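Below is one structure, written out as structure tokens, with a few remarks after it.
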Amino acid sequence: MPRVLVDATAVPADRGALGRYVDGLIAALHRADADLAVACQRSDEERYAVLAPKARVVAGPPAIVHRPARLAWEQTGLPFVAKQVDADVIHAPYYSTPLRPGVPVVVTIHDVTYFAEPEVHNPVKATYIKSATRTAVRRAARLIVPSKATRDEMVRLLRADPTRIDVAYHGVDHAIFHPPGEEERRRVSDRLGLHGHPYIAFLGALEPRKNVPNLIRGWVRAADAVKDAPALVLAGSGGWDDEVDAALADVPHQLRVLRPGYLRWSSLPGFFGGALVVALPSRGEGFGLPVLEAMSCGAAVLTTQRSSLPEVGGDAVAITEPDAGSNGEALSTLIADDARRRTLAEAAAARAAEFTWTASAEAHLASYQRAAEQ
């Protein structure tokens, strides 16, 4: 088994989707007895020492908390660490890679919507990720993607060699994301100020790809016709979708929208599982981790069939098109049909149980082995 250095230096402090991917993977690799080393920011040194006690954890310099410094260190410091820990393979889990690594590199490409729909991304971020992706396609020993849809899009849009691409689905931490008890649901509802009032839940960054303006407009159409209409809760970090505020400005005064911002992980089971519907009508995802996490909490999930989402949701989610009218129609149907929501919730929890970090780690280990043998 090759010794693998996982570069965790890009993981943000808020443990967004990238953090959940890297943390879940490292813990599972450790459980699989992988020969593992981890490069990370100093603030994460203790965290990874706990997640992977047998791994060698190397903290980078303090300056790498800033992206320009981290990218510069990636080119020189990361290859040095690889040599220091005698790594056979480097795993770069966020697009970019050192140009002279000294050992084979495996790069995770999370999605290619930056190429398919560049208009839904921040232009500065899109420029960087497109450049990093092209470089990885040319230079990496292996490429890991979280879905077959992403693999197929890479082949179509970037002419990537399909024989160098490995599909490794994400997992979900079932200890964290579980069907909540009544007390968990009540506690979250009270913290939101809803006190048992029904709500539609959304979790994610407010960026165009997440399609929040059309969710808001669709919810208005559905809620306007309902007595004791459910609130809409838009949770998660901020974003740059200028249409969100415009859509909110048109919400009738009798309807209630909450924007609680970042929610602690411990609150998410109660948030997802306590919602009438978790609505995530994205225009495209490389995987769709929030969809899987909501399913694992036994939520009735409404999403689209774009890109990877059918691979995650299967028949255990309700489907909408991205436009406001379709969102409104789908929400109206689900709000009115208790039995349908219960059926979806049960199916979602059962399907989510099939996605584990153990299986993901096995797929990653196979990719590392292929890279080491090239």
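In what follows, every heavy atom counts, from backbone to side chain, and hydrogens, waters and symmetry copies are set aside. Along the sequence shown, residues are numbered consecutively beginning with 1. As the structure is a computational prediction, the values presented were derived from the model and not from experiment.
No donor-acceptor pair under 3.5 Å is formed between the side chain of Ser267 and the backbone N or O of Val188. The backbone N or O of Ala92 lies less than 3.5 Å from no partner atom in the side chain of Asp7, so there is not a single donor-acceptor pair. The closest donor-acceptor contact from the side chain of Ser131 to the backbone of Thr127 lies at 3.5 Å or more, if one exists at all. Under a 3.5 Å cut-off, the side chain of Asn327 and the backbone N or O of Leu215 do not form any donor-acceptor pair. Put simply, the side chain of Trp73 never gets that close to the backbone of Pro68: no donor and acceptor are under 3.5 Å apart. No donor-acceptor pair under 3.5 Å is formed between the side chain of Thr9 and the backbone N or O of Cys40. Using modelled atom types, one side-chain atom of Thr333 and one backbone atom of Glu329 make a donor-acceptor pair closer than 3.5 Å. Without hydrogens or angle criteria, Ser147 side chain to Thr150 main chain gives a donor-acceptor distance under 3.5 Å. Judged purely by atom type and a 3.5 angstrom limit, Ser308 has no side-chain atom pairing as donor or acceptor with the backbone of Glu311. The backbone N or O of Gly284 sits less than 3.5 Å from a side-chain atom of Ser282, completing a donor-acceptor pair.
Shown here are the side-chain contact (heavy atoms from CB on, under 4.5 Å) partners of Glu354, two or more places apart in sequence or in another chain: Arg351. In this structure Arg20 satisfies the side chain to side chain donor-acceptor pair (under 3.5 Å) test together with Glu293, sequence neighbours excluded. Every residue meeting the side-chain contact (heavy atoms from CB on, under 4.5 Å) condition with Glu182, not counting sequence neighbours, appears here in chain and number order: Arg185. Partners of Arg306 according to the side chain to side chain donor-acceptor pair (under 3.5 Å) rule, which considers only residues two or more places apart in sequence or in another chain, do not exist here. Applying the ring pair (Phe, Tyr, Trp, His ring centres under 6.0 Å) rule to Phe177 yields no partners; only residues at least two apart in sequence or on another chain are considered. Partners of Tyr95 under the side chain to side chain donor-acceptor pair (under 3.5 Å) rule, at least two apart in sequence or in another chain, do not exist in this structure. Every side chain to side chain donor-acceptor pair (under 3.5 Å) that Ser96 has, sequence neighbours left out, goes to Glu74, Tyr128.
The neighbour count for Gln305 CD, taken as heavy atoms of other residues, nucleotides or ligands under 6.0 Å away, does not exceed 12. Environment of CD in Glu117: crowded, with over 12 heavy atoms of neighbouring residues, nucleotides or ligands closer than 6.0 Å. Residue Asp315 qualifies as open at atom CG: its count of foreign heavy atoms under 6.0 Å is 12 or below.
Screening residues 316-326 for side chain to side chain donor-acceptor pair (under 3.5 Å) gives Asp323-Ser326 as the qualifying pairs, with residues at least two apart or on separate chains. A salt bridge (Lys or Arg N to Asp or Glu O under 4.0 Å) check over residues 201-210, counting only residues at least two apart or in different chains, returns the pairs Asp111-Arg209, Glu207-Arg209, Arg209-Glu285, Lys210-Glu285. Identified under the ring pair (Phe, Tyr, Trp, His ring centres under 6.0 Å) test for residues 23-66, with sequence neighbours left out: none. Listed by first and then second residue, the ring pair (Phe, Tyr, Trp, His ring centres under 6.0 Å) pairs involving residues 238-297 are His170-Phe287, Tyr199-Phe271 (not counting sequence neighbours). The list of salt bridge (Lys or Arg N to Asp or Glu O under 4.0 Å) pairs with a residue in residues 38-47, not counting sequence neighbours, reads Arg15-Asp44, Asp23-Arg47.
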Going through the checks in order, is the side-chain contact (heavy atoms from CB on, under 4.5 Å) test met by Val212 and Leu234? CA-CA 9 Å; Val212 176; Leu234 304 175; 4.1 Å; yes
Run the numbers on Lys54 and Asp33 for salt bridge (charged side-chain N to carboxylate O under 4.0 Å, His left out), then give the verdict. CA-CA 9 Å; Lys54 296 178 185 177; Asp33 290 325; 3.7 Å; yes
Check step by step if salt bridge (charged side-chain N to carboxylate O under 4.0 Å, His left out) holds for Asp245 and Arg259. CA-CA 12 Å; Asp245 287 339; Arg259 298 178 66 176; 3.4 Å; yes
Leu248 and Val257: side-chain contact (heavy atoms from CB on, under 4.5 Å), yes or no, with the steps? CA-CA 8 Å; Leu248 289 173; Val257 181; 3.7 Å; yes
Determine, step by step, whether Val251 and Ile216 satisfy the side-chain contact (heavy atoms from CB on, under 4.5 Å) criterion, reporting the C-alpha distance in whole Å, the side-chain angles of both residues, the deciding distance to 0.1 Å, and the verdict. CA-CA 8 Å; Val251 173; Ile216 296 168; 3.8 Å; yes
Which is it for Val103 and Val89 under the side-chain contact (heavy atoms from CB on, under 4.5 Å) test, yes or no, and what are the steps along the way? CA-CA 6 Å; Val103 295; Val89 174; 5.7 Å; no
Derivation and outcome, side chain to side chain donor-acceptor pair (under 3.5 Å), residues Glu243 and Asn214: CA-CA 9 Å; Glu243 288 191 33; Asn214 279 338; over 6 Å; no
Full working for salt bridge (charged side-chain N to carboxylate O under 4.0 Å, His left out) between Arg142 and Asp166: CA-CA 7 Å; Arg142 305 293 302 179; Asp166 300 310; 2.8 Å; yes
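Tracing side-chain contacts under 4.5 Å through hydrophobic residues (I, L, V, M, F, W, Y), one never reaches Val65 starting from Val22; they form parts of separate clusters. Connection of Val107 to Leu158 is established within a shared hydrophobic cluster, with ILVMFWY side chains joined at heavy-atom distances below 4.5 Å, either directly or through further cluster members. Following chains of ILVMFWY side-chain contacts shorter than 4.5 Å, one cannot reach Ile90 starting from Phe80, and the two form parts of different hydrophobic clusters.
Contact check on Glu373 versus Arg370 returns no salt bridge, with no Lys/Arg side-chain nitrogen under 4.0 Å from an Asp/Glu carboxylate oxygen. Asp190 has no carboxylate O lying under 4.0 Å from a charged side-chain N of Arg187, or vice versa, which leaves the two without a salt bridge.
One distance of note links CG of Leu143 with OG1 of Thr108; it measures 9.0 Å at 0.5 Å rounding.
Below 30°, between 30° and 60°, or above 60°: for His364 and Tyr21 the angle between ring planes is between 30° and 60°, a tilted geometry. Ring-plane geometry between His91 and Tyr368 is classed as tilted, the angle between the planes lying from 30 to 60 degrees on a 0 to 90 degree scale.
Scanning both residues, Leu194 and Ala231, for their nearest heavy atoms gives CD2-CB, 3.9 Å. Nearest heavy atom pair, residue Val11 against residue Gln41, reads O-NE2, 3.7 Å.
Side chains of Ile200 and Val233 form no contact here, defined as non-hydrogen atoms less than 4.5 Å apart. Side-chain contact between Leu5 and Val81: present, with at least one pair of heavy atoms (C-beta onward) separated by less than 4.5 Å.
Residues Ser296 and His178 bring no donor and acceptor atom of their side chains to less than 3.5 Å of each other.
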